[in-house]
Visitor: 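There's a structure below that I have some questions on.
We use all heavy atoms of the structure for the numbers below, so side chains are in, but hydrogens, waters and symmetry mates are not.
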Amino acid sequence: MIQMQNNKPVCTENILHITSGEMTANALRELLPQEEILPFNEAMCEGEVHIEIFTDEFYRLRAAAYGVELEDYLQKSPGSFMQNRLKDYPVLYLYFDYDMFCTVNIITLLAFLEQ
């Protein structure tokens with residue numbers, strides 16, 4: 001449960017805010033400039049994907065789906081952060097909409113958290 005005071009979350013723990021893309025992240029950064037905000041930059045509703053999320057094969061397939069070099073994909077992908085730093089945050093706030101783009105992305109995020 002999120003406690004709010006003056007339209008701001010009240011929590012003394014480390015919080016990671018995960019947004020659906022850069023635009024939402026930028027808007028949230030204006031509201032919460034001191035918070036850690038991670039844009040979930042994916043478009044999982046297009047292209048192939050590997051069942052093991054944020055693995056080398058997953059990255060290769062996603063880069064191919066976007067038609068970009070692997071290195072370029074990895075610069076925008078949340079995967080490295082998710083694999084290396086997610087455990088530092090006991091609280092996650094998720095900001096995803098109800099459209100197909102966001103729904104598929106949050107399913108991917110939740111599947112990663114489950115694995």
Side-chain angles (χ1 to χ4, degrees):
M1 183 165 158
I2 301 172
Q3 293 182 336
M4 303 290 281
Q5 183 175 5
N6 297 327
N7 289 330
K8 294 186 180 175
V10 177
C11 184
T12 59
E13 304 172 68
N14 286 345
I15 299 170
L16 175 62
H17 301 265
I18 302 176
T19 66
S20 181
E22 290 288 339
M23 292 195 61
T24 305
N26 290 337
L28 194 58
R29 285 181 184 118
E30 289 182 23
L31 294 172
L32 305 170
Q34 303 302 318
E35 297 292 322
E36 183 78 33
I37 298 168
L38 176 69
F40 193 84
N41 291 321
E42 272 295 347
M44 297 302 298
C45 55
E46 293 185 23
E48 291 187 46
V49 66
H50 191 266
I51 194 156
E52 293 181 30
I53 302 162
F54 301 136
T55 61
D56 290 342
E57 182 64 10
F58 178 92
Y59 295 142
R60 186 188 68 72
L61 289 170
R62 297 311 300 152
Y66 291 128
V68 300
E69 295 293 323
L70 181 59
E71 294 77 25
D72 294 333
Y73 171 80
L74 291 173
Q75 288 180 353
K76 286 281 194 174
S77 172
S80 177
F81 185 97
M82 300 291 282
Q83 290 175 324
N84 299 318
R85 297 210 34 229
L86 189 63
K87 62 187 173 292
D88 298 338
Y89 296 91
V91 177
L92 303 176
Y93 289 174
L94 308 178
Y95 301 82
F96 290 79
D97 208 344
Y98 299 105
D99 60 18
M100 183 179 86
F101 178 87
C102 289
T103 300
V104 175
N105 284 345
I106 199 161
I107 288 169
T108 302
L109 172 59
L110 295 174
F112 172 75
L113 294 173
E114 183 178 57
Q115 79 183 14

Visitor: Report the distance from atom CZ of Phe112 to atom OG1 of Thr55, rounding to the nearest 0.5 Å.
Guide: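 The CZ atom of Phe112 sits 10.0 Å away from the OG1 atom of Thr55.
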Visitor: With rounding to the nearest 0.5 angstrom, report the OH to CD1 distance, Tyr89 to Ile15.
Guide: 10.5 Å
Visitor: Between CD1 of Ile37 and CG of Leu28, what distance do you get to the nearest 0.5 Å?
Guide: 4.0 Å
Visitor: At what distance, to the nearest 0.5 angstrom, does OG1 of Thr108 lie from CZ of Phe54?
Guide: 7.5 Å
Visitor: To the nearest 0.5 Å, how far apart are CG in Leu109 and CD in Glu114?
Guide: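 Separation between the atoms: 11.5 Å.
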Visitor: For residues Arg29 and Pro39, report the shortest heavy-atom separation together with the two atoms involved.
Guide: NH2-CD, 3.7 Å
Visitor: If I compare all heavy atoms of Phe40 with all of Pro78, which pair ends up nearest, and what's the gap?
Guide: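 It is CD1-CG, 3.7 Å.
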Visitor: Are any of the side-chain heavy atoms of His50 and Arg62 separated by less than 4.5 Å?
Guide: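 Answer no - side chains too far apart.
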Visitor: Taking everything shown except Asn84 itself, do over 12 heavy atoms lie less than 6.0 Å from its CG?
Guide: yes
Visitor: Taking all atoms of both residues into account, what is the closest heavy-atom pair of Cys102 and Ser20, and its distance?
Guide: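 It is SG-OG, 3.1 Å.
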Visitor: Within the structure provided, determine whether Leu86 and Leu92 are in side-chain contact (heavy-atom separation under 4.5 Å).
Guide: yes
Visitor: Could you pull out the closest heavy-atom pair between Val49 and Met44, with the gap in Å?
Guide: CG2-CE, 3.3 Å
Visitor: Is the number of heavy atoms from other residues, nucleotides or ligands within 6.0 Å of CD (Glu48) greater than 12?
Guide: no
Visitor: Does Ile107 share a hydrophobic cluster with Tyr95, counting links as ILVMFWY side-chain heavy atoms below 4.5 Å and allowing steps through other members?
Guide: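 Unlinked, Ile107 and Tyr95 end up in two clusters.
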Visitor: Looking at every non-hydrogen atom in both residues, tell me the closest pair between Glu52 and Phe58 and how far apart they are.
Guide: O-CB, 3.5 Å
Visitor: Just wondering, do Leu110 and Leu113 contact through their side chains at under 4.5 Å, heavy atoms?
Guide: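 Yes, close enough: below the 4.5 Å cut-off.
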Visitor: Distance from Asn41 atom CG to Tyr73 atom OH, nearest 0.5 Å?
Guide: 9.0 Å
Visitor: Is there a path of hydrophobic side-chain contacts, each under 4.5 Å between heavy atoms of I, L, V, M, F, W or Y residues, that connects Tyr98 with Phe101?
Guide: no
Visitor: Sorted by first residue and then second, give each salt bridge (Lys or Arg N to Asp or Glu O under 4.0 Å) pair with at least one member in residues 85-108; sequence neighbours left out.
Guide: Arg85-Asp88
Visitor: Quick check: do Gln115 and Ile51 have side-chain heavy atoms less than 4.5 Å from each other?
Guide: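 Answer no - side chains too far apart.
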Visitor: Side chains of Glu42 and Tyr66: does their closest heavy-atom pair fall under 4.5 Å?
Guide: yes
Visitor: If you look at every heavy atom in Tyr59 and Ser80, which pair is closest and at what distance?
Guide: OH-N, 3.6 Å
Visitor: Is the closest side-chain heavy-atom distance between Ile18 and Phe96 below 4.5 Å?
Guide: yes
Visitor: Is there a side-chain contact between Asn14 and Glu36 in this structure, where contact means two heavy atoms from C-beta onward sitting under 4.5 Å apart?
Guide: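 No - every pair of side-chain heavy atoms lies 4.5 Å or more apart.
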